[in-house]
Q: 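Submitted below is the structure of interest, expressed as structure tokens.
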Amino acid sequence: MEKVVTNPAIVVEELCVEFSGKTVLENVSLTILPAELHVIIGPSGSGKSTLLRAINRLNEFFPNCRTSGLVRIRLDGHLVDIYARDAPPLPELRRRVAMVFQTPAVLPFSIEKNMTMPLKVTLGLRGGELRERMEWALRQVGLWDEVEARLLDEATTLSGGQQQRLCLARALALGPQVLLVDEPTASLDFRATETIEQLLVDLKDRYTIIAVSHSLSQARRLADRLWVLREGRVMQQMNRRQLQDAALFQEIIDNIF
Ligand SMILES: Nc1ncnc2c1ncn2[C@@H]1O[C@H](COP(=O)(O)OP(=O)(O)OP(=O)(O)O)[C@@H](O)[C@H]1O
Ligand SMILES: [Mg+2]
């Protein structure tokens with residue numbers, strides 16, 4: 001049975017995004033439920049990253065971008081219109097609606113400083129509290145045992161999968177409510193991919209997660225709900241049951257790609 005939507009975590013209505021007058025997302029509407037892993041797939045250029053960036057207003061970094069429509073996100077229990085005049089300030093919004101990028105964006109500092117700097121700057125943490133929060137977040141992503149003895153090494157000396165988990169830990173440390181994850185395993189090998197996938201599954205009860213994937217098989221493994229984008233429009237959504245129906249899945253995919 002389909003879940004009845006009584007407490008959506010994110011509601012996107014009639015979202016349109018243009019870059020320099022060219023429409024990239026057209027009337028996109030989505031309802032994202034809490035405690036479900038939502039996966040977005042679609043051909044290259046279909047607007048997946050743009051959609052994620054619309055959900056924490058990162059497109060505003062591009063001066064040629066125009067956004068219209070409604071994005072409401074449940075923050076501390078209330079659905080907040082994030083584009084409204086009285087929306088939370090952008091740094092606060094992006095702390096709570098955190099984004100992890102396809103290429104791990106570690107800073108050119110030590111592993112420890114990558115974790116502690118945002119915590120000092122954003123939350124003003126110091127001393128024991130700072131260390132505890134860092135350790136907690138690194139444990140959440142299964143990285144603590146791997147880095148405990150080398151916290152002062154440059155973060156860039158970590159493997160790709162470790163860097164991806166470090167970025168996720170850095171986001172989790174700041175106490176987000178939503179995680180936007182753009183192709184988190186794009187450049188990872190089989191083992192590292194498995195680790196990240198398991199991590200997303202483990203985190204989904206506590207965070208609202210939207211992940212973009214380039215892999216149909218990964219989408220099928222992970223998604224409680226799948227959204228298929230094509231040329232800036234939502235062409236299809238599928239729930240877990242439909243995803244497990246191999247023939248139906250194949251038919252839909254053949255129609256889209
Ligand atoms: N800052 C920008 N300025 C101009 N055009 C942009 C900008 N960002 C994205 N676009 C355009 O918007 C469209 C969608 O891009 P987007 O990055 O969202 O696609 P995507 O589905 O994530 O693709 P991929 O799978 O390759 O990552 C593309 O045509 C892209 O060229
Ligand atoms: Mg993309």
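In each ligand, atom 1 is the first atom listed, and ligand 1 is the first ligand listed. Position 1 is the first residue of the sequence, and the numbers go up from there.
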Q: Mind listing the protein N/O/S atoms less than 2.8 Å away from the Mg ion (ligand 2)? Waters don't count.
A: Ser49 OG
Q: Apply the hydrophobic cluster definition, ILVMFWY joined by side-chain contacts under 4.5 Å directly or through others, and give me every member besides Leu174.
A: Leu119, Leu123, Leu125, Leu130
Q: Strictly below 4.0 Å, N to O, side chains only: are Glu135 and Arg139 in salt-bridge contact?
A: yes
Q: Identify whether the distance between the nearest side-chain nitrogen and carboxylate oxygen of Arg72 and Glu13 falls below 4.0 Å.
A: yes
Q: My understanding is that only one of Ile82, Val178, Leu75 makes a side chain to side chain contact (heavy atoms under 4.5 Å, CB included) with Arg96; could you say which?
A: Leu75
Q: Would you please name every residue forming a salt bridge (Lys or Arg N to Asp or Glu O under 4.0 Å) with Arg53, sequence neighbours left out?
A: none
Q: Does a salt bridge link Glu112 with Arg131, judged by any charged N lying under 4.0 Å from a carboxylate O?
A: yes
Q: Is the side chain of Ser110 donor-acceptor paired with the backbone N or O of Lys113 at a distance under 3.5 Å, no angle test?
A: yes
Q: Which protein residues come within less than 4.0 angstrom of ligand 1, counting heavy atoms only?
A: Phe19, Lys22, Val24, Pro43, Ser44, Gly45, Ser46, Gly47, Lys48, Ser49, Thr50, Arg53, Phe62, Asn64, Glu183
Q: Does atom CD (Glu129) have a neighbourhood of more than 12 heavy atoms from anything else shown, all under 6.0 Å?
A: no
Q: Passes side chain to side chain contact (heavy atoms under 4.5 Å, CB included), Met115 versus Leu166? Steps please.
A: CA-CA 8 Å; Met115 291 297 299; Leu166 180 65; 3.7 Å; yes
